[in-house]
Amino acid sequence: MGAHQTHGTRSALHTAICDRLGIPYPIFGFSHSMEVTAAITNAGGFGVYGVTRDMPDAISARLAKIRSMVGDRPFGADLLLPLGMADKNDWAAAEAKIPEGHKAFVRHLKQKYKVPDPTGKSFFSSVVRSNELFEAQADALLKSDVNLFASAIGTPPHIIKRAKETGKITLSLVGAPKHVKYAKAAGVDLLVAQGYDAGGHTGPIGTMSLVPQIVDVAEEVPVLAAGGIADGRQVAASLALGAQGVWLGTVWLTTEEHRLNRHILEKLLRAGSADTVLTRSHSGKTCRVVRTAWSEEWDAEGAPKPLEMPYQHVLVGELLTGVMEHEIEPLMYEGAGQSVAWCKEVSTVGQVIERLVAEAQEALAALR
Ligand SMILES: Cc1cc2nc3c(=O)[nH]c(=O)nc-3n(C[C@H](O)[C@H](O)[C@H](O)COP(=O)(O)O)c2cc1C
């Protein structure tokens, strides 16, 4: 039976969070693709769209487009809200702080890989992660009718408060037990325990060790497990660890709906768990990506240490915009978790959810 056809009946995966959010399966999916987000929700999971790479003035239309694809079904939007960034979105001021040695290294990479200049600006070559940007992104997001607001890397209480006032369910991604007290004090309704295995920005604690520790300190706040999950046996294991559901990111990158760049898609389809690497060369904070010449160059002897967030973006934004526009294959990469081992072929979002549900049900049945 397909995932769509089981909507009317309770699956063995049904948890309290399904009733609370009105979803058939406790499978949450994070994506920077509007089509993927909508497809996750439409297949019985809960899609969450990441707006962190979007200009504030583009956010309303994108969230409205997802709403038009899902109708009344629930979906969410996610924002990176790191603390300690500059107040102003001031590119020139940030650029002035970049050491000459780092600029020389980036010029060397541009020459070595023959990267032409980009023909225009992108988010990464024009915007500084700053409180001014975050407030504008949060404003656009909170004015929309998304059902859930997720915050990652930080949980600013004033933004969580506003989200709650607009009737949104609030969620925070955490990577260590010590983060939970801040999220709980801010009043979040849901936690994602995201372990070291995850794609994207991640901390040092592995998912298997992290999830039960977060469940213990979260107490009455429901927890979703994240990081390295792409197989139904891991979904079943997450429930055994005390999570009420799972939150997946990497597995959607190789879906039909995502329409990822063909070079990056190839790299992900070929990669195993050991082909992902933690690097600060993407944003300045530790981020798990698929290993390519980009991460290798920054890791090589003699390379400068990546700068802190937000300066690393300001340093490499222009070069990476050129890399993507002109498809400089060796340097192209994307965030990817150890779960990439399950990305072996392109399938639809619906097929992924159907597989996860079937595998998890089988794993749970085998335990009985
Ligand atoms: C390409 C990519 C981009 C990501 N960007 C964000 C983001 O902007 N905000 C966020 O909260 N999480 C982000 N994540 C992390 C996901 O929300 C999720 O926690 C993670 O992917 C789970 O581990 P998995 O990749 O093994 O499934 C990203 C993950 C990937 C793979």
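Since the structure is predicted, the reported quantities are computational estimates derived from the model, not experimental observations. Counting convention: from 1, in listed order, for ligands and their atoms alike. Note that these values count all heavy atoms, side chains included, but never hydrogens, waters or copies made by symmetry. All residue numbers refer to positions in the sequence shown, counting from 1.
Note on ligand 1: D78 sits in its first shell, one or more heavy atoms being nearer than 4.0 Å. Not a single heavy atom of G50 sits under 4.0 Å from any atom of ligand 1. In this structure, R288 has no heavy atom closer than 4.0 Å to ligand 1.
Taking 4.0 Å as the cut-off between side-chain N and carboxylate O, K267 and E329 count as a salt-bridged pair. Remark: E362 does not engage R233 in a salt bridge, criterion side-chain N to carboxylate O under 4.0 Å. Salt bridge E308/K285: absent, no basic N to carboxylate O contact under 4.0 Å.
Considering backbone and side-chain N/O atoms, Q338 never comes within less than 3.5 Å of an N/O atom of ligand 1.
Nearest to atom 20 (C) of ligand 1 among the protein's heavy atoms is G199 O, 3.6 Å. Protein heavy atom in closest approach to atom 21 (O) of ligand 1: G249 CA, 3.2 Å. Closest protein heavy atom to atom 7 (C) of ligand 1: F30 CZ, 3.1 Å.
A ring-centre distance under 6.0 Å is not found for F46 and W247. You'll find the ring centres of F124 and H313 inside the 6.0 Å limit.
For ligand 1, the atoms closer than 4.0 angstrom to any heavy atom of L248 are 27 (O). Residue contact check: G227 has heavy atoms under 4.0 Å from atoms 22 (C), 23 (O), 26 (O) of ligand 1. Atoms of ligand 1 lying under 4.0 Å from any heavy atom of G228, numbered from 1 in the order shown and given with element: 23 (O), 24 (P), 26 (O). Contact atoms of ligand 1 toward T250: 21 (O), 24 (P), 25 (O), 26 (O), 27 (O), 31 (C) (distance under 4.0 Å to a heavy atom of the residue). Near T52, meaning under 4.0 Å from one of its heavy atoms, ligand 1 places the atoms 8 (O). Annotation for ligand 1: atoms under 4.0 Å from non-hydrogen atoms of E334 are 1 (C). Within ligand 1, counting atoms from 1 as listed, the ones closer than 4.0 Å to a heavy atom of A152 are 10 (C), 11 (O). Within ligand 1, counting atoms from 1 as listed, the ones closer than 4.0 Å to a heavy atom of S339 are 24 (P), 25 (O), 26 (O), 27 (O).
In this structure, of W247, Y196, Y49, W342, the residue bringing a heavy atom nearest to atom 16 (C) of ligand 1 is W247.
Using cut-offs of 30° and 60° on the angle between ring planes, the pair Y333 and H282 is perpendicular. Ring planes of W294 and W298: tilted class, angle from 30 to 60°.
Counting only distance, with no hydrogens or angles, the side chain of Q213 and the backbone of P177 share no donor-acceptor pair below 3.5 Å.
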Item to complete: Decide side-chain hydrogen bond (donor to acceptor under 3.5 Å, both in side chains) for E327 and N261; before the verdict, give the C-alpha distance in whole Å, the side-chain angles of both, and the deciding distance to 0.1 Å.
Response: CA-CA 9 Å; E327 301 202 321; N261 171 279; 2.6 Å; yes
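With a 4.0 Å cut-off on non-hydrogen atoms, L79 does not touch ligand 1 at all.
For the pair R129 and F134, the cation does not sit on the ring face, since its NZ or CZ is not both under 6.0 Å from the ring centre and inside 45° of the axis.
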